[in-house]
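Following: one structure in C-alpha cells, then a few remarks.
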Amino acid sequence: MNEAPTKPAVIRMYAAREEIYPREAKGRYASLRWACVWITQLVFYGLPWMNWNGRQAVLFDLGARKFYIFGMVLWPQDFIYLAALLIIAAYLLFLVTAIAGRVWCGFACPQTVYTEIFMWIERKIEGARSARIRLDRQPWTADKLARKTAKHLAWGAVALFTGFSFVAYFAPVRSLLSNIGAFALGPWEWFWIGFYAFATYGNAGWLREQVCKYMCPYARFQSAMFDKDTLIVTYDQERGEPRGALSPKHATQAVKEKGDCIDCNMCVQVCPTGIDIRKGLQYECIGCAACVDACNGVMDKIDLPRGLIRYSTDNAMDNKWSAKRIGQRILRTRVLIYTGLLVLIVAGFGTALALRTPLKVDVIRDRGSMGREVGDGQIENVYRLQIMNTAEAGHTFRIKVSGIDSVRLATPDQTVLDGASTRAVPVRVQVDRGAAAKGSNQIEFEITAVDDPSLTVREKAVFIVPK
C-alpha cells in the first residue's frame, strides 16, 4: 500500500518580531533616565540658539571651513583636535563600561533618549500598556484611526524638529529658519533635515529595541570590557527561587518556603528590549534598570526587602559582598589603566589647546621667478605669505625678515586681518648684491601682532641668488 507523500518541513531561519509593549516604570532609575533625557535634549536643541560674540555659539560652517565652538575657531588644519576629542570620548566610554556596564546605553544613548520621548507620546495618546494592546488588537474604528494619526503626527513633528536642530549645527539657525519659511533651502539642507528626521522617526518609533539588539555593534563587543567586578543588572537567584505566587498567611510551611520572586513578570513587562533578567545577563540588556524599579515597587507592596533585582557584580553575588566591598573593587587594574590613559590624553589635549597659537602662516615662493636683479644691484625674491588669523578679534600684523645681511622688505611691512579670516599677502624681499652666496640661502619671516607681541609666528624660507 502506497503511503501519502509528506510535506517537507519548513525551517524558519529568522523568528518574526514580537511586538513589545513596555509598561511605564516608576522609581529612582526612571527619574534618573528622564533627567538624562532633559539634560541631553536641552543641550542638543538649545545650543544652536545660543549666541557668542554676536554669532552662533556652536556652528560647524562647512562652506567657510570654520568650526566655531564658543570662543574657539577651528580650521581644517585643526582636525587633530577633533580626532583627540573622539579618542577621549571612546576611552571615557570604555572606562564607564568597565565600571558600570551599559549605563550609557540605558540612560544617555540617543536611541534610548528618543525612544523614551516617543513612548511618552505614545502613552499620552494611546494610553497605558494594556490600553495599547487592546487598541492594536481591535478592528479599525474612527477612534483608533484618530489616535494612530495623532501619534504619528506628533512623532513626525518631533522628528522634523530634531532634523532641523541637527542641520542647525552646520548652517546658521536663524537663516535656516527663515529659509524654511520662504522655501528657499538648498537641496542638501532639505536632504539632511529629511534624512535625520526619517532616521529619528524610524529608529525611535518603529525599530526601537531592534536597533539595540541587531543594529548597534556596541552590544556585540561590550563583553570585552566586562569582568566579574563590572556593575550589571542582576537577579538574586538564591533569594528569589523557587519563584511562585504570593503565599497567603494561612499557607502550609512548604508553600511558605518559596523564594521572594512572586513571578509577577513586572520585570519583563517594563523591559524595553523584552528580555527576562531572571534568566541571567543577556546581550540585549541595555542596563536601564527599569526592571529594578519595577521589582522594588512590587517588593514594597508585599513588605519584602528591596534588591531582588539590583545593580551588582558577579563576584558580589558569588561571595555575598556588601556595597562597601563592591565599591572597593572599583579601582582594579583594568579601571586604573583606562583612567591613566584617559588622564594622559585629556592632559595632552588641554595642553595643546592652551598652547595653540591663533596665528598660522605659510610661506610660498613665487616659482615663476627664482631670483632676479632689480634696481641698483639688488637681488629680489617674491613670496606669498598665507596668513590665517584664527582668533575672533582682528589684528594688525607686522612682517619682518632676517637671516642675511642687508635683507629687507620692498613691500609694506604691515597688514590687517579681521577675526577668523585668512589673507594672501604678496611680499618682495631684497638683498644687496654680494651680501649672500649664490644659490640657496636661509631666511626667516617673523609675523607679530602689533597690539599683542606674544602673538608671533616664525617661518623659514629660502632666498635664491642667481648664479
Q: Side-chain contact test, heavy atoms from C-beta onward, threshold under 4.5 Å: evaluate it for Tyr311 versus Val103 and give yes or no.
A: yes

Q. Residues two or more places apart in sequence or in another chain: which of them pass side-chain hydrogen bond (donor to acceptor under 3.5 Å, both in side chains) with Asp362?
A. none

Q: For the pair Trp155 and His152, name the ring-plane relationship: parallel under 30°, tilted 30 to 60°, perpendicular over 60°.
A: perpendicular

**Q.** Atom pair CG/NZ of Asn296 and Lys26 - distance to nearest 0.5 Å
**A.** 15.5 Å

Q) By side-chain hydrogen bond (donor to acceptor under 3.5 Å, both in side chains), which residues pair with Glu380, not counting sequence neighbours? A) Arg372, Arg428, Gln430

Q.
Taking the basic N atoms (NZ, or NE/NH1/NH2) and the acidic carboxylate oxygens, is any pair closer than 4.0 Å for Arg334 and Asp229?
A. no

(Q) Within the supplied structure, the quantity of interest is the number of heavy atoms (other residues, nucleotides, ligands) at a distance under 6.0 Å from Lys228 NZ; does it exceed 12? (A) no

Q.
Holding to side-chain hydrogen bond (donor to acceptor under 3.5 Å, both in side chains), I want the full list of residues that pass it with Asp413, two or more places apart in sequence or in another chain.
A. none

(Q) Between Tyr383 and Asp366, is there a side-chain heavy-atom distance shorter than 4.5 Å? (A) no

Q. Should Ile379 and Phe463 count as side-chain neighbours, where that means a heavy-atom distance under 4.5 Å?
A. yes

(Q) Treating Gln111 as the side-chain partner and Arg208 as the backbone partner, does any N or O pair qualify as donor plus acceptor under 3.5 Å? (A) yes

Q.
Please tell me whether Tyr169 and Gln56 have a donor and an acceptor in their side chains that are separated by less than 3.5 angstrom.
A. no

Q | With sequence neighbours excluded, residues passing ring pair (Phe, Tyr, Trp, His ring centres under 6.0 Å) with Tyr45 | A | Phe161

Q: Let me know which of Glu126, Glu122, Glu24 forms a salt bridge (charged side-chain N to carboxylate O under 4.0 Å, His left out) with Arg132.
A: Glu122

Q.
Does the plane of the ring in Trp188 sit parallel, tilted or perpendicular to the ring in Trp192? Use 30° and 60° as the thresholds.
A. parallel

Q: Grab the two heavy atoms, one from Gln386 and one from Ala424, that are nearest each other, plus how far apart they are.
A: OE1-CB, 3.4 Å

Q: Measure the CZ-CG distance between Phe67 and Asp78 for me, rounded to the nearest 0.5 Å.
A: 10.0 Å

Q.
Cys288 and side chain to side chain contact (heavy atoms under 4.5 Å, CB included): which single residue from Cys105, Cys109, Pro272 fits?
A. Pro272

(Q) For Phe164, give me all partners under ring pair (Phe, Tyr, Trp, His ring centres under 6.0 Å), at least two apart in sequence or on another chain. (A) none

Q.
One thing to verify: whether Asp227 and Arg329 come together as a salt bridge, which I'm taking to mean a side-chain N less than 4.0 angstrom from a carboxylate O.
A. no

Q: Report the residues that fulfil ring pair (Phe, Tyr, Trp, His ring centres under 6.0 Å) with Phe79, sequence neighbours left out, ordered by chain and then residue number.
A: none

Q) Thinking salt bridges, do Glu444 and Lys400 make one under a 4.0 Å N-O criterion? A) no

Q) Do Lys360 and Trp75 have side-chain heavy atoms sitting under 4.5 Å apart? A) no

Q: Decide, yes or no, whether a salt bridge links Glu284 with Lys213 under the criterion of side-chain N to carboxylate O below 4.0 Å.
A: no

Q: Decide if atom CZ of Arg65 counts as having more than 12 heavy atoms of other residues, nucleotides or ligands within a radius under 6.0 Å.
A: no

